[in-house]
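A, B, ... follow the sequence lines: proteins, then strands. Residue 1 opens every chain. The structure presented is a predicted model; accordingly, all values stated were derived computationally and were not measured.
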2 protein chains.
Amino acid sequence: MMNKKCSFDTRKNIAFMFSLSEENYLKTIFHLEKINSGGVSTNALAGEMETKASSVTDMLKKLSEKKLVKYRKYQGVQLSDKGHKAAVEVIRKHRLWEVFLVEKLNFSWDEVHDIAEQLEHIKSEKLTQELDKFLEFPKRDPHGDPIPDAEGNFRIANKVLLADLEEGESGICVGVKDSSTEFLQYLDKNNIALGKSVTVVHREAYDESLFIKINDEDLHVSKSISNNLFVKPVE
Amino acid sequence: MMNKKCSFDTRKNIAFMFSLSEENYLKTIFHLEKINSGGVSTNALAGEMETKASSVTDMLKKLSEKKLVKYRKYQGVQLSDKGHKAAVEVIRKHRLWEVFLVEKLNFSWDEVHDIAEQLEHIKSEKLTQELDKFLEFPKRDPHGDPIPDAEGNFRIANKVLLADLEEGESGICVGVKDSSTEFLQYLDKNNIALGKSVTVVHREAYDESLFIKINDEDLHVSKSISNNLFVKPVE
DNA sequence: AACAATTTTTAGCCTTACCTAAAAATTGTT
DNA sequence: AACAATTTTTAGGTAAGGCTAAAAATTGTT
Ligand SMILES: [Mn+2]
Ligand SMILES: [Mn+2]
Ligand SMILES: [Mn+2]
Ligand SMILES: [Mn+2]
């Protein structure tokens, strides 16, 4: 018995199809599939969503009934085409709103994620399209993550972790793996920003820390830093 | 036992204080108080919210416990100072987002309300402030309604219904009472827009329809039109 | 192959925000 | 004042999305 309360989006949009919670699950499954491709586990999902495994199982059954995921008991879950499409749409909105906040409203890159978590659930296809146009179809969000186009296509980037560069190699900072306020503020503090060039001068074998040159200055960064900064290798 | 799920707004904002539903009730009570000042009835609220009186009673108890309203059984409800403040904040956000949609994203005034209904619930004080600044502190939304400032102060306007003008009197269109798509599209179709000057040429006594002059053209409008268009009387 | 550890599911509850039906209070009419 | 009509509240339920604790399935280790 479909509840009415649907004041918006009755017309143009098939949207309001998915609840806020469903959208968050889909998005998280999407992100986890990229890491351990081949079935996302209930526990992994519970960890990422900061909820309990039993709650995840409940939701997976619901998503499965709606044909958004392929789910076999005890065997983990995968997005269906329909689920994939829905997840990408949410990610597209999240990243567009992040660009809006930084480019138009003077937010810094460490302040936008939590607000985008809310804005990504606004239902209006026209809004998303017009926002995209207003922002002049940005290719990447403030953290260097790619923004899928209206058809859901990502342009994938040639990027590696700073940690994976060899001694003597250089790269351009193009993204962050960790978008936490803490990490982003560390980067700000040390004058590391997307677009800047960085060179690995020396790798300390014992702790895998790196001595790097950035902004013509020398900096010593731990593995936990180099492992969260993406660079586009130069040459 | 306060449920955690509060991923956003843990820091700066005391917000996430009110649920989406609570905010909608507060907003609706605010609007109804302006009409029948002196206690909003359960039924009026149920009608406006498209819900049942019993549901309203439930919610009024909750709002009352949270000190957002003054509620005495069978005696209707009034906003407390705290509730008033919360309602105004939601209305401020609603109207700012409407301005954003029209001014920046090429929406027309009949398309923005439903999207603003969603956006008005986004929690971030900084977002509201920056949006206000980005829009250059607009005083009115696309329908002519006043936008409260950050302190919650409305600039009230000198406006009357077109229906209340006498024969021979003129006014400038400054707002609409009915913001429905249908009414706004009627106005568009007949070239009536905010800022335009209108003169009452003749009032038809029988049906209270008006023969008006607008854009140098003659137009005959029914009472249900003249009763939903606000004008600022000239002279 | 057997047992232990871990993961996942089930069963049973809770809260929010709705609902219907019935009871109670208020209001209107004679 | 009495009765009827209307409004409002109460009582009891539902669905979504959480939770805990216990049961079941899978995985790892000997
Ligand atoms: Mn983000
Ligand atoms: Mn989210
Ligand atoms: Mn509106
Ligand atoms: Mn609303």
Side-chain angles (χ1 to χ4, degrees), chain A residues 1-8 16-29 32 36 38-66 68-78 86 90 117-118 121 123, chain B residues 1-8 16-29 32 36 38-66 68-78 86 90 117-118 121 123:
Chain A
M1 169 110 315
M2 187 63 193
N3 199 327
K4 67 181 161 65
K5 213 80 285 197
C6 174
S7 63
F8 49 80
F16 181 68
M17 284 199 288
F18 311 122
S19 72
L20 185 145
S21 192
E22 288 168 342
E23 288 187 347
N24 283 336
Y25 273 92
L26 292 173
K27 197 178 56 150
T28 306
I29 296 168
L32 289 175
N36 350 318
V40 174
S41 76
T42 301
N43 258 5
L45 216 30
E48 201 63 33
M49 307 267 316
E50 299 181 64
T51 186
K52 295 300 156 82
S54 55
S55 304
V56 173
T57 301
D58 283 351
M59 181 56 90
L60 292 185
K61 284 178 188 163
K62 186 160 47 131
L63 294 177
S64 185
E65 267 164 36
K66 294 195 177 184
L68 292 163
V69 299
K70 289 153 204 147
Y71 168 61
R72 282 173 23 256
K73 273 187 188 178
Y74 296 101
Q75 305 304 307
V77 72
Q78 283 174 274
V90 175
E117 284 291 303
Q118 300 177 63
H121 302 289
K123 267 92 176 168
Chain B
M1 171 109 314
M2 188 64 191
N3 198 325
K4 70 185 158 65
K5 232 10 23 140
C6 175
S7 61
F8 49 80
F16 180 69
M17 282 197 292
F18 312 123
S19 72
L20 184 145
S21 192
E22 288 168 341
E23 288 188 346
N24 283 336
Y25 272 93
L26 293 174
K27 197 177 55 152
T28 305
I29 296 168
L32 290 174
N36 352 317
V40 174
S41 75
T42 301
N43 258 5
L45 216 30
E48 200 64 32
M49 307 267 316
E50 299 180 68
T51 187
K52 295 300 157 79
S54 54
S55 304
V56 172
T57 303
D58 283 351
M59 181 58 90
L60 292 185
K61 284 179 188 165
K62 185 159 49 129
L63 294 176
S64 186
E65 267 164 37
K66 293 195 177 186
L68 291 163
V69 299
K70 290 154 202 146
Y71 168 62
R72 281 176 20 257
K73 274 188 189 180
Y74 296 100
Q75 306 304 305
V77 71
Q78 283 173 274
V90 175
E117 283 291 302
Q118 300 177 62
H121 302 290
K123 267 93 176 168

Undergrad: At 4.0 Å (heavy atoms only), tell me whether Ser21(B) reaches a base, stays on the sugar-phosphate, or touches nothing.
TA: sugar-phosphate
Undergrad: Of all residues at least two apart in sequence or in a different chain, which pass the side-chain hydrogen bond (donor to acceptor under 3.5 Å, both in side chains) check with Glu23(A)?
TA: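 With sequence neighbours excluded, Glu23(A) shows a side-chain hydrogen bond (donor to acceptor under 3.5 Å, both in side chains) to His121(A), Lys123(A), given in chain and number order.
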Undergrad: More 5' along DNA chain D: Ala44(B) or Asp58(A), using each one's nearest nucleotide?
TA: Ala44(B)
Undergrad: Looking at every strand, decide which applies to Ser55(B) at a 4.0 Å heavy-atom threshold: base, sugar-phosphate, or nothing.
TA: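 Contact class for Ser55(B): base.
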Undergrad: For the CG atom of Asp58(B) and the OG1 atom of Thr51(B), what is their distance to the nearest 0.5 Å?
TA: 9.5 Å
Undergrad: Could you work out, with side-chain contact (heavy atoms from CB on, under 4.5 Å) as the rule, every residue matching Lys73(A), not counting sequence neighbours?
TA: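 Tyr71(A).
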Undergrad: Among residues at least two apart in sequence or on other chains, which ones pass side-chain hydrogen bond (donor to acceptor under 3.5 Å, both in side chains) with Lys66(A)?
TA: Glu22(A)
Undergrad: Would you say that Leu60(B) contacts Ile29(B) through its side chain, given a criterion of any heavy-atom pair below 4.5 Å between the two side chains?
TA: yes
Undergrad: Looking only at side-chain atoms of Lys52(B), point me to the closest of dC19(D), dC18(C), dT20(C).
TA: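 For the Lys52(B) side chain, the nearest candidate turns out to be dT20(C).
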Undergrad: Mapping Leu20(B) and Tyr71(A) to their closest nucleotides on DNA chain C, which lands nearer the 5' end?
TA: Tyr71(A)
Undergrad: I'd like a table of atom pairs between the protein and nucleotides 25-27 of chain C - only N or O on both sides, under 3.5 Å - with the distance next to each one.
TA:
from    : atom 1 : to       : atom 2 : distance (Å)
dA25(C) : O4'    : Tyr74(B) : OH     : 3.2

Undergrad: OP1 or OP2 of dA16(D) less than 4.0 angstrom from a side-chain nitrogen or oxygen of Tyr25(A), does that happen here?
TA: no
Undergrad: Establish whether the base of dT20(D) is bridged to the side chain of Ser54(A) by a donor-acceptor pair shorter than 3.5 Å.
TA: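 Yes.
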Undergrad: Write down the distance between CZ (Arg72(B)) and P (dT9(D)), rounded to a whole number of angstrom.
TA: 11 Å
Undergrad: I want to check one thing: is the phosphate of dT6(D), taken as OP1 and OP2, less than 4.0 Å away from some side-chain N or O of Asn43(B)?
TA: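 False: Asn43(B) side-chain N/O out of range (4.0 Å or more) of dT6(D) OP1/OP2.
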Undergrad: Of all residues at least two apart in sequence or in a different chain, which pass the side-chain contact (heavy atoms from CB on, under 4.5 Å) check with Thr28(A)?
TA: Leu32(A), Leu45(A), Glu48(A), Met49(A)
Undergrad: I'd like to check the side-chain contact (heavy atoms from CB on, under 4.5 Å) partners of Asn43(B); sequence neighbours left out, ordered by chain and number.
TA: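 Only Ser41(B), Ala53(B) meet the side-chain contact (heavy atoms from CB on, under 4.5 Å) criterion with Asn43(B).
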Undergrad: Can you list the steps and then say if Phe18(B) with Val90(B) is a side-chain contact (heavy atoms from CB on, under 4.5 Å)?
TA: CA-CA 11 Å; Phe18(B) 312 123; Val90(B) 175; over 6 Å; no
Undergrad: Give the rounded distance in Å between these two atoms: NZ of Lys66(B) and C1' of dT16(C).
TA: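 In whole Å, dT16(C) C1' and Lys66(B) NZ are 10 Å from each other.
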Undergrad: What's the closest nucleotide to the side chain of Thr57(B) if the choices are dT9(D), dT9(C), dC19(C)?
TA: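 Looking only at heavy atoms from C-beta outward on Thr57(B), the closest nucleotide is dT9(D).
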Undergrad: Verify the contact: side-chain N or O of Ser19(A) to OP1 or OP2 of dA16(D), cut-off strictly under 4.0 Å; return yes or no.
TA: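 For dA16(D), OP1/OP2 do not have a side-chain N/O of Ser19(A) under 4.0 Å.
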Undergrad: Starting from Watson-Crick (N1-N3 plus N6-O4 or O6-N4) and G-U wobble pairs under 3.5 Å, report the runs of at least three that DNA chain D belongs to.
TA: C:1-30 with D:1-30
